[in-house]
There are 2 protein chains.
Amino acid sequence: MAVKKNKNIEFKCSLKDVLDIVGGKWSIPIIYTLFDGKKRFSELERTIPNINTRMLVKELKKLEENRIVKREAFATVPPTVEYSLNHKGMMLKPIIMDLHKWGEEFVDQ
Amino acid sequence: MAVKKNKNIEFKCSLKDVLDIVGGKWSIPIIYTLFDGKKRFSELERTIPNINTRMLVKELKKLEENRIVKREAFATVPPTVEYSLNHKGMMLKPIIMDLHKWGEEFVDQ
DNA sequence: CAGAATCCCTATCGATACTG
DNA sequence: CAGTATCGATAGGGATTCTG
């Protein structure tokens, strides 16, 4: 597997690549919110606690580049932009759910 | 962990807790390496590419505090310290493997 | 509404040298 | 061997303001 942004030698599996994509502070909250279905920019901003505009833009761009998220813009006034998960992103659902379950079961112990 | 008011909020809080534990740059590489079994400090340092002493110490301490990793020190000369995963850490194995699989399947596409 | 542009801060990370 | 201690770099993140 190719190593992308990370200048380091790849770890013995592609975990590092995965973490580059999904390891940021906001990527999983965004992806999780989109499990629910297509959302507009402002909806995401309202739904995800404590995120700010700049971070949301940045993360969405990154997720789009990694083809986890699909962006659809409509030339309305005012503009409408909708974000949704594509197949690659949807395939993260069971994993994130398992991570959540792990958290519920073990984090407090 | 956060108080459970509704499903949504509860999920987000514990997910954040999980990411606080496991979201760092080195935690998953370390945990992954320990799936293999008990390892000494220097073994970890040699096995994990590009990690440095300071980061390894820091992450191990954090993982120990979160009771994912068990540390056993032996009063030999020179000192021997062995690290291993406890139950909580081992329960991450299937999840991390799935993440790895997801990476192999989708990251390059 | 959906961002882009700025400014600034601090947490994280890395390299190196040292020690019981 | 298994760490500490220090210092310096930088990327990530946050608050705010502006605009098509």
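Sequence lines set the chain letters: A, B, ... in the order given, protein chains first and strands last, and positions in each chain run from 1.
- Between Lys25(B) and dA11(D), a side-chain N or O to OP1/OP2 separation shorter than 4.0 Å is absent.
- With distances taken from any side-chain atom of Lys61(B) to the nucleotides dG14(C), dT4(D), dA4(C), the minimum falls on dT4(D).
- We find that CD1 of Ile30(B) is positioned 14 Å from P of dA2(D), with the value rounded to whole Å.
- Protein atom CG of Leu19(B) is 14 Å distant from nucleotide atom P of dT12(C), rounded to whole Å.
- Following rounding to the nearest Å, Ile48(B) (CD1) and dA2(D) (C1') show an atom-to-atom distance of 15 Å.
- Taking atom CD1 of residue Ile51(B) and atom P of nucleotide dT16(C), one finds them 17 Å apart after rounding to whole Å.
- Listed pair Arg40(B) / dA2(D) meets the phosphate criterion, a side-chain N or O lying under 4.0 Å from OP1 or OP2.
- Taking atom CD of Glu72(B) as the reference point, atom P of dG3(D) lies 13 Å away to the nearest angstrom.
- A sub-4.0 Å separation between OP1 or OP2 of dT4(D) and a side-chain N or O of Lys58(B) is absent.
- The distance from the CZ atom of Phe74(B) to the CD atom of Glu72(B) is 4.5 Å, given to the nearest 0.5 Å.
- Summary for the helix from dC1(C)-dG20(D) to dG20(C)-dC1(D): the axes at its two ends, each from 5 pairs, differ by 50° when rounded to the nearest 10 degrees.
- Atoms CG and CH2, from Asp17(B) and Trp102(A) in turn, are 10.0 Å apart once rounded to the nearest 0.5 Å.
- OP1 or OP2 of dG3(D) sits under 4.0 Å from a side-chain N or O of Tyr83(B).
- Atom CD1 of Ile51(B) and atom CD of Glu45(B) lie 8.0 Å apart (nearest 0.5 Å).
- Atom-to-atom, CZ of Arg46(B) to P of dG3(D) comes out at 14 Å; the value is rounded to the nearest Å.
- Under the 3.5 Å distance criterion, the side-chain polar atoms of Thr80(A) are left unmatched by any main-chain donor or acceptor of Thr76(A).
- The distance from atom CG of Leu92(A) to atom CG of Leu99(A), rounded to the nearest 0.5 Å, is 10.5 Å.
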| said: Does Thr33(A) form a side-chain contact (heavy atoms from CB on, under 4.5 Å) with Lys39(A)? I'd like the steps, not just the answer. | reply: CA-CA 8 Å; Thr33(A) 303; Lys39(A) 291 253 184 327; 4.2 Å; yes
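- For the pair Asp20(B) CG and dG12(D) P, the interatomic distance rounds to 17 Å; values are reported in whole Å.
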| request: Summarise protein proximity over nucleotides 15-20 of chain D in one line of letters, 5' to 3': B for base, S for sugar-phosphate only, - for none, counting protein heavy atoms closer than 4.0 Å. | output: B----B
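- At distances below 3.5 Å, not a single donor-acceptor pair connects side-chain atoms of Ser84(B) with backbone N or O atoms of Lys38(B).
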| task | Could you check Leu56(B) against Phe41(B) for side-chain contact (heavy atoms from CB on, under 4.5 Å), going step by step and ending with a plain yes or no? | result | CA-CA 8 Å; Leu56(B) 183 54; Phe41(B) 185 87; 3.8 Å; yes
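- For Arg71(B), taking side-chain heavy atoms from C-beta onward, the closest of the listed nucleotides dC1(D), dG3(D), dA2(C) is dG3(D).
- At least one test fails for Lys88(B) against the ring of Phe106(A): distance under 6.0 Å to the centre or angle within 45° of the axis.
- Counting any heavy atom pair closer than 4.0 Å across all strands shown, Thr76(B) reaches no nucleic acid atom.
- Distances shown here put every side-chain N or O of Ser42(A) at or beyond 4.0 Å from the OP1 or OP2 atom of dC1(C).
- Two residues, Glu59(A) and Glu82(B), neighbour DNA chain D, and the one matched to the more 5' nucleotide by heavy-atom proximity is Glu82(B).
- No donor-acceptor pair under 3.5 Å is formed between the side chain of Asp98(A) and the backbone N or O of Lys101(A).
- Rounded to an integer number of Å, the gap from Trp26(B) CH2 to dT12(C) C1' is 12 Å.
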